[in-house]
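Taking it in order: structure first as structure tokens, then the write-up.
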Amino acid sequence: MLLHTVNKSPFQHAALGSCLRLSKDGSAILLIEDGVYGALKGTKISSDIENAMKTKKVYALEPDIKARGVQDRVLDGITLIDYAGFVDLAAENKAVEAWL
Amino acid sequence: MSEEMMEEGGGGVIKKFCYINRKAPYGTIYALESLEVVLIGAAFEQDVSVVFADDGIYQLTKGQDTAGIEMKNFSPTYRALEMYDVEKLYVEKESLEERGMTADDLIVPVEVLSSAQLQDLMEDQDVVLSF
Amino acid sequence: MATIDVAGNAVEVDEEGYLADRGDWNEEIATEMAKIDDCELSDNHWEVIKFLREYYEEYQIAPAVRVLTKAIGKKLGPDKGNSKYLYELFPYGPAKQACKYAGLPKPTGCV
């Protein structure tokens, strides 16, 4: 499977939407940098991520979450990982598809 | 010219300056650049308004901790704006709502305005700078 | 990177003499920086330097001179929160010179 990474805010770029549309069921999606704003509760795109989580595994990079002060608003079911976890995910998957 | 020389240099025409911030911090350099321009511009003693809309409101999120990404956390500096006589901070209501946030989630006191109110505010400016 | 010699240690500074790494700061460095400017630090100097370090800790910014003057006035009273007092202590400019000794970057807006 592919590891999909998204580093753009879902409110300003179509990257997350394209990633959700074009990633296969069972794949891993990792939100990093401004992409972590896609991991939050109560936003206008929260339901898109919740839908995706029914068939895909969603991760967010914890240092990026903490930097932005949003650690208390992460959606249930999203797994927070550190840089070492990022490396593990990349190693576990066939390739990384970065949605820039 | 050093700022210490500019200190006495006021006395010109006062214009209405409006800075519009629409980008999240850290992912791009816009937020930090804008903050620096606002602080530098404050020396000219103009009538300054700072607007936060779209992802710009994330600049003001409470509880930022950048130790893990090895970047400077510049969010405390927004609390210094008042001492630079930059006191008019506005946040777009629609942008807050789209992100499930309220003014209580922000590090500084702001005035929440609707899009329609912001239209009027921007129309009233002499200079609008967008970041 | 330029360095200054403080008690036998080379401390990195930028081309204008500001400390390269704020974390390196200690009182000996401040004293040495002042000595380079032919300035001997009195209790009044230290009061401003300490104030600046606290200000930076809280706001993550080296204040402009106008803001520094006002903030000092608020904290230490009007006889210290004025240009004359601060320029007598720091003739090269209270914000620039005191920030340097405090190990802070040059104030935002100073060219």
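Nearest heavy atoms, C:R66 versus B:D85: NH1-OD2, 3.0 Å.
Here the CG-CE distance, from C:L68 to B:M83, works out to 11.0 Å after rounding to the nearest 0.5 Å.
Here B:D47 pairs with B:K88 under the salt bridge (charged side-chain N to carboxylate O under 4.0 Å, His left out) rule; sequence neighbours left out.
Contacts from residues 61-76 of chain B to chain C, taken as heavy-atom pairs separated by less than 4.5 Å, involve B:K72, B:N73, B:P76 in sequence order. Identified by a heavy-atom distance below 4.5 Å to chain C, contributing residues of residues 105-131 of chain B are lacking entirely. Contacts between residues 33-56 of chain C and chain B, defined by a heavy-atom separation under 4.5 Å, are made by C:Y55, C:Y56.
A donor-acceptor distance shorter than 3.5 angstrom exists from the side chain of B:Y84 to the backbone of C:A64, with no hydrogens or angles considered.
By the 6.0 Å contact criterion, CD on B:E82 is open, its count of non-hydrogen atoms from other residues, nucleotides or ligands being 12 or less.
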